[in-house]
Amino acid sequence: MALHMNQIQNTYKVSSLTKVNATYFRLSFDAPALAKAVRPGQFIHIKVSEGFEPFFRRPFSVYRAKDGKVEIFFEPVGKGSRLLTSKKKGDSLDVLGPLGVPFAMPGKDVKQVVFVGGGIGVAPFMLFSDMLKKHAAEKVLLYGGRTRAHTFPMNEFKKNGVKVFTATDDGSVGVKGRVSELFNKVVLLPSTMIYTCGPRPMMAAVQTFVKEHGLVGQASCEEVMACGLGACLGCSIMTTKGYRTVCHDGPVFDLKELVFT
Ligand SMILES: Cc1cc2nc3c(=O)[nH]c(=O)nc-3n(C[C@H](O)[C@H](O)[C@H](O)COP(=O)(O)OP(=O)(O)OC[C@H]3O[C@@H](n4cnc5c(N)ncnc54)[C@H](O)[C@@H]3O)c2cc1C
Ligand code: FES
């Protein structure tokens, strides 16, 4: 499949790899054109090794894009993501992107933006909050993690003027319980926009909340991917409009269109 004009495949130089805590890493690389082009919710498809194993690229949200660098925030869960933890400054990184449909930016009439993130699903909201710094809307992040090790250092969000509320399964940070325990922290406005990314049960709860309150919401979905370009149909999910590919028709969808079974 031919690449679109704004999709760039290139080899970049790793500028840093940082172990954030027991669970998360961040990796940044020099990519000025990509940093300029990428929009919140889009992802990059990384060839994690120089050989053929693993064969397919791995998709990651862009966490930050500034000063000519692109950064991802990731959790090593398997072969591919574990290989990324051995990258060193100066190593080459083969990246395809930006890919997929980004979150719709809120219009000027939107007075409140609520991000609902579960675990690593919070990653695209950092880039989003960077880009909304000058937007007058109140910005709120409702964030759910399993334990303390699954919560981010929230200071970066706070520096962007985002109010942060956290819930953990074991109560080690914030409220004990699911992220839905935090819905009552927000005083909703008629123009509130909800954006969510995380495990499917969490996004299903957000969908119910959005429907009950007559709000508008978008969700960024995750699926295991191969081509990343809409060609193999391997990442298809069921929506109210039939099967759609997460990589090409998404990853961002209207929350009301998603079918959670
Ligand atoms: C659009 C998009 C954005 C993403 N952004 C991030 C991000 O910012 N940070 C981050 O850490 N991860 C992110 N992911 C998930 C990341 O792509 C997977 O963790 C990674 O591909 C796993 O590859 P692996 O080789 O390490 O694991 P594998 O060995 O391929 O798989 C290990 C286990 O993880 C499961 N798995 C693999 N991929 C996924 C997936 N996409 N969703 C759910 N389960 C999966 C497998 O079924 C298996 O059980 C994103 C995924 C998508 C689709
Ligand atoms: S990964 Fe091939 S169509 Fe989405």
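The analysis underlying the following values was restricted to heavy atoms, covering all of them including side chains, and did not include hydrogens, waters or symmetry mates. These numbers were taken from a predicted model, which means no experiment stands behind them. Ligands are counted one by one from 1 in listed order, and the atoms in each one are counted from 1 as well.
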Q. Nearest protein heavy atom to atom 16 (C) of ligand 1, by residue and atom, and its distance?
A. P59 O, 3.4 Å

Q.
I'd like to know if the side chain of Q112 reaches the main chain of V187, judged simply by a donor and an acceptor atom lying under 3.5 Å from each other, with no hydrogens or angles considered.
A. yes

(Q) Tell me if the centroids of the rings in F128 and F103 come within less than 6.0 Å of each other. (A) yes

Q: Could you find the nearest protein heavy atom to atom 31 (O) of ligand 1 and give me its residue, atom name and distance?
A: G78 CA, 4.6 Å

Q: Please collect all salt bridge (charged side-chain N to carboxylate O under 4.0 Å, His left out) contacts where either partner lies in residues 234-261, sequence neighbours excluded, each pair once.
A: K241-E257, R244-D249, R244-E257

Q: Out of I46, T23, V122, V77, indicate the one that has the non-hydrogen atom closest to atom 32 (C) of ligand 1.
A: V77

Q) For the rings on Y24 and F73, is their centre-to-centre separation under 6.0 Å? A) yes

**Q.** Heavy-atom nearest option to atom 43 (C) of ligand 1, drawn from R82, E222, E71, M225
**A.** E222

Q. Does the protein put any heavy atom within less than 4.0 Å of atom 11 (O) of ligand 1?
A. yes

Q. Are any of the side-chain heavy atoms of D170 and K176 separated by less than 4.5 Å?
A. no

Q.
Counting only heavy atoms closer than 4.0 Å, does ligand 1 sit against the backbone of A123, its side chain, both, or neither?
A. side chain

Q. Among side-chain atoms of S16 and S28, is any donor-acceptor pair under 3.5 angstrom?
A. yes

Q | Total protein N, O or S atoms, atom 4 (Fe) of ligand 2, separation less than 2.8 Å | A | 2

(Q) My question is simple, although I want it checked carefully: is atom 7 (C) of ligand 1 less than 4.0 angstrom from any protein heavy atom? (A) yes

Q | F60 N/O to ligand 1 N/O under 3.5 Å | A | no

Q | Validation row: D94, Q9 side chains within 4.5 angstrom (heavy atoms) | A | yes

**Q.** Between K13 and S92: side-chain donor-acceptor atoms closer than 3.5 Å
**A.** yes

(Q) Using a 4.0 Å heavy-atom cut-off, which part of F73 comes near ligand 1: side chain, backbone, both, or neither? (A) backbone

Q) Among L96, I72, I8, whose side chain to side chain contact (heavy atoms under 4.5 Å, CB included) with I44 holds? A) I72

Q: Would you confirm whether Y195, through its side chain, and G117, through its main-chain N or O, come within 3.5 Å as a donor-acceptor pair?
A: no

Q: Kindly identify the option in S81, G228, P199 whose heavy atom sits closest to atom 26 (O) of ligand 1.
A: S81

Q) Nearest non-hydrogen atom to atom 53 (C) of ligand 1 belongs to which of R58, K79, E223? A) E223

Q. Between F209 and L189, is there a shared hydrophobic cluster once you connect ILVMFWY residues whose side-chain heavy atoms come closer than 4.5 Å?
A. no

Q: For F74, take its heavy atoms, then give the atoms of ligand 1 lying under 4.0 Å from any of them.
A: 9 (N), 10 (C), 11 (O)

Q) I72: heavy atom below 4.0 Å from ligand 1, yes or no? A) no

Q | Main-chain N/O of H45 paired with R57 side-chain donor or acceptor, under 3.5 Å | A | yes

Q | Distance (rounded to the nearest 0.5 Å) between T192 OG1 and L215 CG | A | 6.0 Å

Q.
With the threshold set strictly below 4.0 angstrom, can you tell me whether any protein non-hydrogen atom sits that near atom 50 (C) of ligand 1?
A. yes

Q. Of all the non-hydrogen atoms in the protein, which one sits nearest to atom 5 (N) of ligand 1, and at what distance?
A. S61 N, 2.9 Å

Q. Between C221 and ligand 1, does any nitrogen or oxygen pair lie at a separation below 3.5 Å?
A. no

Q: Name the closest protein heavy atom to atom 45 (C) of ligand 1, giving the residue it belongs to and the distance to 0.1 Å.
A: V224 CG2, 4.0 Å

Q: For the residue pair C247 and E223, establish whether any side-chain heavy-atom pair is separated by less than 4.5 Å.
A: no

